[in-house]
Amino acid sequence: MEYGDPKSDAEILRSAIKGKTKDEDKIIKLVTGRNNEQRQKIKESYNTLYNSDLIKDLQHELSGHFQEVVVALFYLPVDYDCFQLRKAVKGLGTDEDALIEILAIRPPEVIQEIKNRYTEMFPGRTLLKDVEDDTSGNFKKILTSLIEAKRPSNSQPNLAECEKCAKLLQDATEQKKKDVDIFTQIFTEKSQSEFICIAQLYYRLTKKTILQVVEKEFSGDSKEALIGIIYAMLSPSEYFAKKVYKSIKGLGTDNNTLIRILVTRNEKDMPQIKQFYKQLFKKDMIEGIKDDTSGSYRKILIELATH
């Protein structure tokens, strides 16, 4: 489907979601054939043309996981992150995976934007307070430090400072009681280029990668958060390939994670994610998604993964 103007796209969408039978194939073709910026214009046109709220109409007219994907695609990326974070801490239980995935992977300037928008969307709440109230221990320390967004965007590494940090990490792992605070500080306050430099120097000192040490020396949610940060700095596409695999392997499907990754990475690094998936698991990611899903839900995920 060629890109139309927002008004005609809004009209196509309206006809597809209204009526006794929904034209889900037409919905899929339209929403996956547009980028987020274009979908925002369609949403504006729809709301004006029909004096209605597109998001609410989609929620009312569609159902199941298919509805979740379509609705997610019409949110601004920062708004979708805010909804996912609120969902992760709301009510009983915590979705630690969602917290790690968003807070560890998003760059500091995006975290700052998320914090501001979170309070706008959920008046009277702050992301920091909500996460503090719903987590504990070292995991809480790591997440709150990420939320404070102290990490520079990408300052040039100072070799002497990086050598000092690599030695601090070495000392922190050689103690009987591991010093998580040192890891938290370095992992959450250093820029990407600084972190890469520290990781290289650490390997020279210990002949072990930072990832190997974290996997061996830490446990639980703190370990997963630190691993998330390592991948964010060194290989985010590989991280998401592993997350997709984990969400569809074995019995059952982690639909929350699968939807979140395909929606948020669709315009960023989907080809690289598929490439890592193939390298790591000797399988095709799209075939894996096909085997684990069905119906229109399967169709829309395949379209997002194909782009």
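Computed from heavy atoms alone, side chains included, the values below leave out hydrogens, waters and symmetry copies.
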Go through the steps to decide whether K29 and D25 satisfy the test salt bridge (Lys or Arg N to Asp or Glu O under 4.0 Å), and finish with yes or no.
CA-CA 6 Å; K29 200 170 183 181; D25 285 346; over 6 Å; no

In chain order, what residues pass the ring pair (Phe, Tyr, Trp, His ring centres under 6.0 Å) check against Y231, with sequence neighbours excluded?
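By the ring pair (Phe, Tyr, Trp, His ring centres under 6.0 Å) rule, Y231 matches Y239.
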
How long is the gap from [atom1] on [X] to [atom2] on [Y], to the nearest 0.5 Å?
| X | Y | atom1 | atom2 | result |
| --- | --- | --- | --- | --- |
| L99 | I147 | CG | CD1 | 8.0 Å |
| I261 | L301 | CD1 | CG | 11.5 Å |
| L73 | L262 | CG | CG | 10.0 Å |
| D97 | K246 | CG | NZ | 5.0 Å |
| I248 | L258 | CD1 | CG | 6.5 Å |
| F83 | K90 | CZ | NZ | 9.5 Å |

Can M285 and K278 be said to form a side chain to side chain contact (heavy atoms under 4.5 Å, CB included), step by step?
CA-CA 7 Å; M285 189 176 95; K278 188 87 169 175; over 6 Å; no

For [X] and [Y], work out which heavy atoms get closest and say how close.
| X | Y | value |
| --- | --- | --- |
| Y118 | D130 | OH-OD2, 2.6 Å |
| F281 | A241 | CE1-O, 3.8 Å |
| E96 | F139 | CG-CE2, 3.7 Å |
| D269 | S237 | OD2-OG, 2.7 Å |
| I17 | E61 | O-OE1, 3.3 Å |
| R151 | P108 | O-CG, 3.1 Å |

Backbone N or O of [Y] within a donor-acceptor pair of the [X] side chain at under 3.5 Å?
| X | Y | result |
| --- | --- | --- |
| Q38 | N35 | yes |
| T173 | Q170 | yes |
| T206 | K208 | yes |
| E194 | P157 | no |
| K243 | T257 | no |

Side-chain touch I300/V70, heavy atoms, less than 4.5 angstrom
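The answer is yes, as the side chains (C-beta and beyond) meet within the 4.5 Å cut-off.
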
How about F218 and N138: do any of their side-chain heavy atoms sit closer than 4.5 Å?
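Side-chain contact under 4.5 Å: no.
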
Between the side chains of [X] and [Y], is a donor N or O closer than 3.5 angstrom to an acceptor N or O?
| X | Y | answer |
| --- | --- | --- |
| R14 | Y46 | yes |
| S145 | T188 | yes |
| Q40 | N36 | yes |
| E24 | S296 | yes |
| D57 | Y50 | no |

Any chance you could lay out the side chain to side chain contact (heavy atoms under 4.5 Å, CB included) test for T209 and I230, step after step, and finish with the verdict?
CA-CA 10 Å; T209 67; I230 293 170; over 6 Å; no

Could you check L234 against F195 for side chain to side chain contact (heavy atoms under 4.5 Å, CB included), going step by step and ending with a plain yes or no?
CA-CA 8 Å; L234 305 180; F195 190 89; 4.2 Å; yes

What about L201 and I210, same hydrophobic cluster or not, with Ile/Leu/Val/Met/Phe/Trp/Tyr joined at side-chain heavy-atom distances under 4.5 Å?
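Cluster IDs for L201 and I210 differ.
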
Membership question, hydrophobic clusters at under 4.5 Å side-chain separation (ILVMFWY): are I198 and L205 in the same one?
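No, no single cluster joins them.
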
Charged N to carboxylate O under 4.0 angstrom, E287 versus K290?
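Salt bridge between E287 and K290, a charged N being under 4.0 Å from a carboxylate O: yes.
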
Short N-O contact, R204 and E163, less than 4.0 angstrom:
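Answer for the salt bridge query: no.
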
Verdict with supporting geometry, K299 and E303, salt bridge (Lys or Arg N to Asp or Glu O under 4.0 Å)
CA-CA 6 Å; K299 287 181 185 177; E303 285 299 316; over 6 Å; no

Residues clustering with L251 (ILVMFWY side chains joined when closer than 4.5 Å, directly or via others):
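Cluster partners of L251: none, it stands alone.
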
Run the salt bridge (Lys or Arg N to Asp or Glu O under 4.0 Å) test on R117 and E120 for me, step by step, so that the C-alpha distance in whole Å, both residues' side-chain angles and the decisive distance to 0.1 Å come before the verdict.
CA-CA 5 Å; R117 186 69 181 126; E120 288 173 6; 3.0 Å; yes

Assess whether salt bridge (Lys or Arg N to Asp or Glu O under 4.0 Å) is satisfied between E267 and R39, documenting all intermediate values.
CA-CA 13 Å; E267 293 177 40; R39 287 192 293 267; 3.6 Å; yes

For Y202 and V213, what are the C-alpha separation, side-chain angles and deciding distance, and is it a side chain to side chain contact (heavy atoms under 4.5 Å, CB included)?
CA-CA 10 Å; Y202 181 86; V213 170; 3.1 Å; yes

